[in-house]
Peer 1: 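This is the structure, below, for whatever I ask next.
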Amino acid sequence: QVHLVESGGGLVQPGGSLRVSCTISGFSLDSYAVGWFRQAPGKGREGLSCISASDGSAGYADSVRGRFTISRDTTNNSVHLQMNSLNPEDTAVYYCATDLKSSCRRPIAAAFYDYWGQGTQVTVSS
């Protein structure tokens, strides 16, 4: 059974950094890609990044490219999102998800993904 659990959210000051993690069970990161998304209050779910299964290559949305870095730990079957230079506009619930495909689709759109974690809150505020 596919299961994804996010962790690592919290309160961070503007300009700060935070790493959120996604622990996966029910499939291997060598088999399927995983994406990160976020949803701010009153907004739709925004695709941020995706890491492919075959070679671990990553893609990013323009809004986070250069600030966020996705990585994976195949030993522990987890995916991380390192977030730097955070600003209040990054405040949202952050989710990981999979569409049980080996490659990342472009764009990184929530409609493609079938399995989701419960989300972790990230708040950027002074």
Side-chain angles (χ1 to χ4, degrees):
Q1 185 175 359
V2 174
H3 197 215
L4 302 96
V5 179
E6 300 90 342
S7 61
L11 175 64
V12 61
Q13 292 188 339
S17 298
L18 198 66
R19 189 177 86 154
V20 291
S21 298
C22 176
T23 302
I24 294 157
S25 58
F27 70 93
S28 168
L29 289 173
D30 293 329
S31 298
Y32 300 127
V34 172
W36 277 101
F37 299 80
R38 68 185 178 189
Q39 188 164 17
K43 296 188 177 181
R45 198 161 289 190
E46 177 188 12
L48 304 176
S49 183
C50 180
I51 190 162
S52 69
S54 56
D55 59 1
S57 59
Y60 297 92
D62 290 343
S63 59
V64 302
R65 186 177 291 111
R67 298 191 299 127
F68 290 11
T69 303
I70 193 170
S71 63
R72 66 179 184 174
D73 179 347
T74 55
T75 299
N76 294 309
N77 220 36
S78 57
V79 177
H80 310 288
L81 187 68
Q82 176 67 42
M83 305 183 290
N84 299 328
S85 301
L86 287 163
N87 58 66
E89 290 69 39
D90 295 313
T91 295
V93 179
Y94 284 70
Y95 299 90
C96 57
T98 184
D99 61 355
L100 297 185
K101 304 292 185 185
S102 60
S103 299
C104 292
R105 298 197 231 195
R106 300 287 190 273
I108 308 168
F112 294 146
Y113 288 74
D114 302 309
Y115 299 91
W116 294 83
Q118 83 290 348
T120 186
Q121 176 70 46
V122 172
T123 302
V124 184
S125 175
S126 55

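Values below: every heavy atom of this structure, side chains too, minus hydrogens, waters and symmetry copies.
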Peer 1: Less than 4.5 Å apart, any side-chain heavy atom of Ser17 and any of Gln82?
Peer 2: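 Yes; the side chains approach each other to less than 4.5 Å.
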Peer 1: Is Ile108 reachable from Ile70 through a run of hydrophobic residues whose side-chain heavy atoms are each under 4.5 Å from the next?
Peer 2: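 No; tracing contacts between hydrophobic side chains, which count when under 4.5 Å, never links both residues.
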Peer 1: Between Ser102 and Ser31 (side chain of the first, backbone of the second, donor and acceptor by atom type, cut-off under 3.5 Å), is there such a pair?
Peer 2: no
Peer 1: Work out which heavy atom in Arg38 is nearest to a heavy atom in Ala92; give both atom names and the distance.
Peer 2: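 That closest heavy-atom pairing would be CB-CB, 3.8 Å.
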Peer 1: How far apart are the closest heavy atoms of Asp73 and Asn76, and which atoms are they?
Peer 2: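 For Asp73 versus Asn76, the nearest heavy atoms are OD2-ND2, 2.7 Å.
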Peer 1: Could you check whether Asp55 and Ser52, counting side-chain N and O atoms only, form a donor-acceptor pair closer than 3.5 Å?
Peer 2: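 On atom types as modelled, these side chains qualify, holding a pair under 3.5 Å.
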Peer 1: Should Leu11 and Leu18 be regarded as members of a common hydrophobic cluster, given that ILVMFWY residues are connected when their side-chain heavy atoms come within less than 4.5 Å of each other, either directly or indirectly?
Peer 2: no
Peer 1: Output every pair passing ring pair (Phe, Tyr, Trp, His ring centres under 6.0 Å) with a member in residues 89-112, not counting sequence neighbours, ordered by first then second residue.
Peer 2: none
Peer 1: Less than 4.5 Å apart, any side-chain heavy atom of Thr23 and any of Leu4?
Peer 2: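 No, every pair of side-chain atoms sits at 4.5 Å or beyond.
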Peer 1: Side chains of Ser21 and His80: donor-acceptor distance under 3.5 Å anywhere?
Peer 2: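 Side-chain D/A pair, Ser21 to His80: present.
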Peer 1: State, to 0.1 Å, how close Arg72 and Leu29 come at their nearest heavy-atom pair, and which atoms those are.
Peer 2: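 It is NH1-O, 3.0 Å.
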Peer 1: Ring centres under 6.0 Å, that's the criterion: do Trp116 and Phe37 meet it?
Peer 2: yes
Peer 1: How close do Pro14 and Ser125 get, counting heavy atoms only, and between which atoms?
Peer 2: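 Nearest pair, atom of Pro14 first, then Ser125: CD-C, 3.6 Å.
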Peer 1: So does Glu6 get a backbone contact from the side chain of Thr120, meaning a donor-acceptor N/O pair under 3.5 Å?
Peer 2: no
Peer 1: Leu81, Val34: one ILVMFWY side-chain cluster at the under-4.5 Å cut-off?
Peer 2: yes
Peer 1: Find out if a path of hydrophobic residues (ILVMFWY) with successive side-chain heavy-atom gaps under 4.5 Å connects Leu100 to Val5.
Peer 2: no
